[in-house]
Number of protein chains: 2
Amino acid sequence: MDINNIIHGNCIEKLNDIDDNSVDLIYFDPPFFTQRKHTLTNKDNSKTFAFDDKYNSIEEYLSMIERVIEQSKRILKNTGSVFLHCDKTASHHIRLVLDRVLGRDNFQSEIIWTYKRWSNAKKGLLNAHQVIFFYSKTQDFKFNTLYTDYSATTNLDQILQDRERNANGKSVYKRDEYGNTVLGKEKRGVPLSDVWEIPYLNPKARERTGYPTQKPVVLLTQLINIATDEGDLVLDPFCGSGTTCVAAKYLQRKYIGIDISGDAVELAKMRLEEMIISESNLLNKGVNEYYEKTEKELALLQNINAFPVQRNSGIDGFLKEHFGGAPVPIKIQKEDETLEDAIKKLEKSSHGKNYIMKILIQTKETNVSRLFRLETDVTILKSLELQTKELANKNNKLRAAKVLQ
Amino acid sequence: MDINNIIHGNCIEKLNDIDDNSVDLIYFDPPFFTQRKHTLTNKDNSKTFAFDDKYNSIEEYLSMIERVIEQSKRILKNTGSVFLHCDKTASHHIRLVLDRVLGRDNFQSEIIWTYKRWSNAKKGLLNAHQVIFFYSKTQDFKFNTLYTDYSATTNLDQILQDRERNANGKSVYKRDEYGNTVLGKEKRGVPLSDVWEIPYLNPKARERTGYPTQKPVVLLTQLINIATDEGDLVLDPFCGSGTTCVAAKYLQRKYIGIDISGDAVELAKMRLEEMIISESNLLNKGVNEYYEKTEKELALLQNINAFPVQRNSGIDGFLKEHFGGAPVPIKIQKEDETLEDAIKKLEKSSHGKNYIMKILIQTKETNVSRLFRLETDVTILKSLELQTKELANKNNKLRAAKVLQ
DNA sequence: ACCGTCCCTGAATCATTGG
DNA sequence: TCCAATGATTCAGGGACGG
């Protein structure tokens, strides 16, 4: 069969053309049994893509899935793996099929892909994850451990220490004859876990094709990295817009994509030529880069029932309750800001918005002129810490005066 | 059946004693079908707790689960919900049982509890999540939406704006006649999603060495908060060390716990009786903070550079810096306290101590007489929240006056 | 009662613009 | 050339409503 190509047709038939024991990784992302038809239009409204996810019964759906899994088992190398992407709708049924066909012992992980999404009016919890079942063909599966950074709260000193078991079998830090802790071998970071927080494909991302249910390339590169090496063969029997193949090509793996829709095949082929992959700032920098509030500032905002705003030099938060029908912006004076600067920044950020009340929390003693204060409609409240400090100063003066008497 | 108690026995028998349609929330956390006996020893090695998770077959295990779910359905009110906590080992089998007994339409969410943990040497991905299936008894289930903070990357300025449809039917931001954006309605934050990142260890208790099977209290308080109101009845048929009951008691819900192990029942009873003391002896000291001080009070104390004090009705904390060589006690006025009461309590707790300065943080509007204030040497500072509230009132009056003119 | 269709929602984040 | 600020666009959505 053609390597590095997208094949048009029903995967159950087309998989017959693939040799036994020839594929290293199969990722598939079948319809989720939503019992809906999914339609989406590309950016310039020139093309509408659709696929049908309606079945007469769950049995009909599962029998389709089962046939694909059976074929997958046949064509997979002994070191190969299957990744089946689904959501909560039918995941339990699907996993039973996987257990039956591939064997319960070959179940490796239930990967949770989690993302933030715009909310809706649903009663209940907002859906924010999908599931990827990871099964190997045998116990001798290929696996590359990826490492992630230690979390900010980890005590690095501590994890660098070696451990041993004490008399009770508890794991304790190893100590030398002088009672000092012993440093262990070099650490490479935290092994990748089974919960993957990867941003949902953004409405504005250039990577977006207009094909419904398109997955981010980053999700696929991670899968491909853990289960294959360069030159290995990756297969996607429901390739849709071709994300899997794009990721495989990017990572210098061979690929085969199959899809029943001619539109999808055409789109996937085009994507493979263009290879547009959006850089995710969020993933590159990590979410912590975006958090710029100190614990103290967050505590202060919580205190006055405000939610925090990140990355805005003029506004640190908004009160949860409106005033006069408008939001109330809050700014907290920074350590290196004069009161005057702080007021100016808040005013600039509020310009053109019809805020009725704006609040600045003063955190430092100041000698701003009374005149200047009157020219602004920013209300200044003194932080409790400042009030405490001023109080202490005043009391000190009183005590000093007493001593003089 | 006894309300607010822990019952010793097999839950399948004991559930018979509970009336039909009487329970608001059932959380259960059965053995995960690990086919192992779990043994854990507490910190000072004085006591070993064990439970058996070995079954002859998955069918035997599932039939046990099914009987509990059937009973659950019977005793649940029509507005009630079931939360079943399990892990990937048998989750798919368990969900089939849930679908069968409670009905597929009553499936609400697959909640993912994710946490960071120590790495191990296992080939493959590090497990970092467990699953909680959320089913309601009917479509008319009780649900309180909780709100979380906006993502750090969210442009809050923008989403506060109102929107409308333009000529092409596209949704665009609304502007007034001068081209300024129009502010929309009040925002409450982002509805809680189905992925919950909650550390195994309470973040305020990093020093804690651990008690692995125990669930974090925050996990349980969150479940109880979304599905019940104060005074509602919470049941845990596999209550173990009693975390569910502790959380229920903390949130002023009624509770029933059942466990087959005498040791567990004893432990749970002790935790409930002396919630704070047992917590600190058995687990850690940091959890104290969680129980006695509300988050808001902790934030406020942090705000003025004070550390919290537990179990003293007159003093909530002390400033980290002394004044005049003496500590400075802080009290925060409680929701149900008059300013006068608060002052008296603080004075009583400070009696005989040579505090030079005592600070009361006023949190509610009051009409205490000026005279009374002068008789005390307690300094009263107004919380920022109160200042904001007073400011809003004042501005409202000004606006009202303007309208009259 | 059940389906399809229409209409509403709302926060996330990358691309673009601005300095 | 880089960083910061701004806003466009969405919908493995969800509910209401009418035939």
Side-chain angles (χ1 to χ4, degrees), chain A residues 29-45 49-54 85-91 113-132 197-216 218 238 240 276-285 287 289-290 292 307 309-315 345 348-349 351-353, chain B residues 139 147-166 168-175 181 184-191 193:
Chain A
D29 176 31
F32 290 176
F33 194 63
T34 53
Q35 299 289 47
R36 280 177 42 202
K37 187 174 179 178
H38 295 265
T39 344
L40 205 64
T41 308
N42 67 355
K43 273 184 190 138
D44 56 4
N45 287 318
F49 299 99
F51 73 90
D52 207 341
D53 183 15
K54 281 184 184 163
H85 190 134
C86 58
D87 87 343
K88 58 190 167 56
T89 319
S91 58
W113 170 36
T114 162
Y115 43 82
K116 304 233 178 210
R117 271 198 62 152
W118 45 89
S119 55
N120 55 32
K122 184 184 172 233
K123 175 182 177 184
L125 300 164
L126 205 60
N127 290 340
H129 76 277
Q130 291 173 17
V131 175
I132 302 171
E197 189 173 343
I198 295 176
Y200 199 81
L201 208 47
N202 193 268
K204 290 289 284 179
R206 289 205 310 134
E207 191 179 307
R208 224 177 226 286
T209 59
Y211 195 85
T213 75
Q214 188 182 342
K215 307 292 175 297
V218 199
F238 296 86
I276 297 170
I277 299 174
S278 287
E279 285 283 305
S280 165
N281 282 331
L282 185 55
L283 268 185
N284 289 344
K285 292 187 192 164
V287 73
E289 277 290 306
Y290 286 83
E292 53 181 17
F307 42 63
V309 173
Q310 310 286 349
R311 299 172 76 75
N312 181 320
S313 69
I315 294 173
K345 280 191 183 165
K348 190 170 165 235
S349 287
H351 183 74
K353 312 283 199 317
Chain B
Q139 290 305 301
Y147 293 91
T148 55
D149 280 344
Y150 290 91
S151 153
T153 57
T154 297
N155 182 347
L156 253 181
D157 243 5
Q158 187 191 358
I159 65 166
L160 291 170
Q161 297 164 24
D162 213 358
R163 292 189 320 172
E164 63 186 351
R165 300 223 166 238
N166 70 4
N168 298 322
K170 286 222 168 202
S171 175
V172 295
Y173 289 99
K174 200 174 187 171
R175 288 175 188 279
T181 52
K185 58 173 182 284
E186 220 164 69
K187 302 277 178 180
R188 283 165 298 186
V190 187
S193 88

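Below, read A as the first sequence line, B as the second, and so on, with proteins coming before strands; counting in each chain starts at 1. Computation of the quantities below employed the complete heavy-atom set of this structure, encompassing side-chain atoms and omitting hydrogens, waters and symmetry-equivalent molecules. None of these values were measured; they are calculated from a predicted model.
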Assign [X] to base, sugar-phosphate, or nothing according to its heavy-atom contacts below 4.0 angstrom with the strands shown.
{"X": "A:Leu40", "answer": "sugar-phosphate"}
{"X": "A:Phe32", "answer": "base"}
{"X": "A:Pro31", "answer": "base"}
{"X": "B:Gly189", "answer": "sugar-phosphate"}
{"X": "A:Asn284", "answer": "nothing"}
{"X": "B:Ser151", "answer": "sugar-phosphate"}
{"X": "B:Pro191", "answer": "nothing"}
{"X": "B:Ile159", "answer": "base"}
{"X": "A:Phe33", "answer": "nothing"}

Rounded to the nearest Å, what distance is computed from the [atom1] atom of residue [X] to the [atom2] atom of nucleotide [N]?
{"X": "A:Lys43", "N": "D:dC11", "atom1": "NZ", "atom2": "P", "answer": "10 Å"}
{"X": "A:Arg208", "N": "D:dC11", "atom1": "CZ", "atom2": "C1'", "answer": "8 Å"}
{"X": "A:Lys285", "N": "C:dC14", "atom1": "NZ", "atom2": "P", "answer": "10 Å"}
{"X": "A:Ile198", "N": "C:dT13", "atom1": "CD1", "atom2": "C1'", "answer": "15 Å"}
{"X": "A:Glu289", "N": "C:dT13", "atom1": "CD", "atom2": "C1'", "answer": "16 Å"}
{"X": "B:Gln139", "N": "C:dC2", "atom1": "CD", "atom2": "P", "answer": "13 Å"}
{"X": "A:His38", "N": "D:dC11", "atom1": "NE2", "atom2": "P", "answer": "12 Å"}
{"X": "A:Gln35", "N": "C:dC3", "atom1": "CD", "atom2": "P", "answer": "10 Å"}

Here the salt bridge (charged side-chain N to carboxylate O under 4.0 Å, His left out) pairs for residues 151-161 of chain B, sequence neighbours left out, are A:Lys353-B:Asp157

Could you list, one pair per line, each protein nitrogen or oxygen that sits under 3.5 Å from a nitrogen or oxygen of nucleotides 3-6 of chain D, together with the distance?
from: D:dA5; atom 1: OP1; to: A:Ser313; atom 2: OG; distance (Å): 3.2

So the stems of DNA chain D, runs of at least three Watson-Crick or G-U pairs (under 3.5 Å), are C:2-8 with D:13-19, C:10-19 with D:2-11

inquiry  = Using 30° and 60° as the class boundaries, would you call the ring planes of A:His85 and A:Phe32 parallel, tilted or perpendicular?
reply    = parallel

Any N or O donor-acceptor pair linking the side chain of B:Gln158 to the base of C:dA11 at under 3.5 Å? no

Atom of [X], atom of [Y] and distance for their closest heavy-atom approach:
{"X": "B:Thr153", "Y": "B:Ser151", "answer": "OG1-OG, 2.8 Å"}
{"X": "A:Lys116", "Y": "A:Glu197", "answer": "CE-OE2, 4.4 Å"}
{"X": "A:Tyr290", "Y": "B:Ala152", "answer": "CB-CB, 3.5 Å"}

When you measure from the side chain of [X] to the backbone of [Y], do you find a donor-acceptor pair of N or O atoms at a distance under 3.5 Å?
{"X": "A:Lys122", "Y": "A:Leu125", "answer": "yes"}
{"X": "B:Thr148", "Y": "B:Val190", "answer": "yes"}
{"X": "A:Thr39", "Y": "A:Ala50", "answer": "no"}

dist A:Arg117:CZ -> B:Ser193:OG (nearest 0.5 Å) comes out at 12.0 Å

OG1 (A:Thr209) and CG (A:Leu40) are apart, to the nearest 0.5 Å, by 8.0 Å

Exactly one candidate in A:Leu282, A:Val218, A:Asn281 meets side-chain contact (heavy atoms from CB on, under 4.5 Å) with A:Pro199; the answer is A:Leu282

Please report the distance separating the C1' of D:dT10 from the corresponding atom of D:dG14, rounded so that it comes out in whole Å. 15 Å

Worksheet entry | Separation between the C1' atoms of D:dC11 and D:dG15, rounded to whole Å | 14 Å

Are there any protein N/O atoms within less than 3.5 Å of an N/O atom in nucleotides 15-17 of chain C, and if so, which ones and at what distance?
from: C:dA15; atom 1: OP1; to: A:Arg206; atom 2: N; distance (Å): 3.4
from: C:dA15; atom 1: OP1; to: A:Ser278; atom 2: OG; distance (Å): 3.2

Is the shortest side-chain heavy-atom distance between A:Gln310 and B:Tyr150 below 4.5 Å?
no

A:Leu201 and A:Lys215, any side-chain heavy atoms less than 4.5 Å apart
no

With the side chain defined as heavy atoms from C-beta on, A:Ser119 is closest, among D:dA12, C:dC14, C:dA11, to C:dA11

Side-chain atoms of A:Lys54 come closest, of C:dC14, C:dA11, C:dG4, to C:dG4

Subject >> A:Asn202 and A:Ser278: side chain donor to acceptor below 3.5 Å >> reply: no

Sequence neighbours excluded, the answer for side-chain contact (heavy atoms from CB on, under 4.5 Å) partners of A:Pro31 is A:Phe51, A:Asp53, A:Tyr55, A:Phe238

5' to 3', nucleotides 13-19 of chain D under a 4.0 Å protein heavy-atom cut-off (B base, S sugar-phosphate only, - none) gives SSS----

Does C:dA12 have its OP1 or OP2 closer than 4.0 Å to a side-chain nitrogen or oxygen of A:Tyr200? no

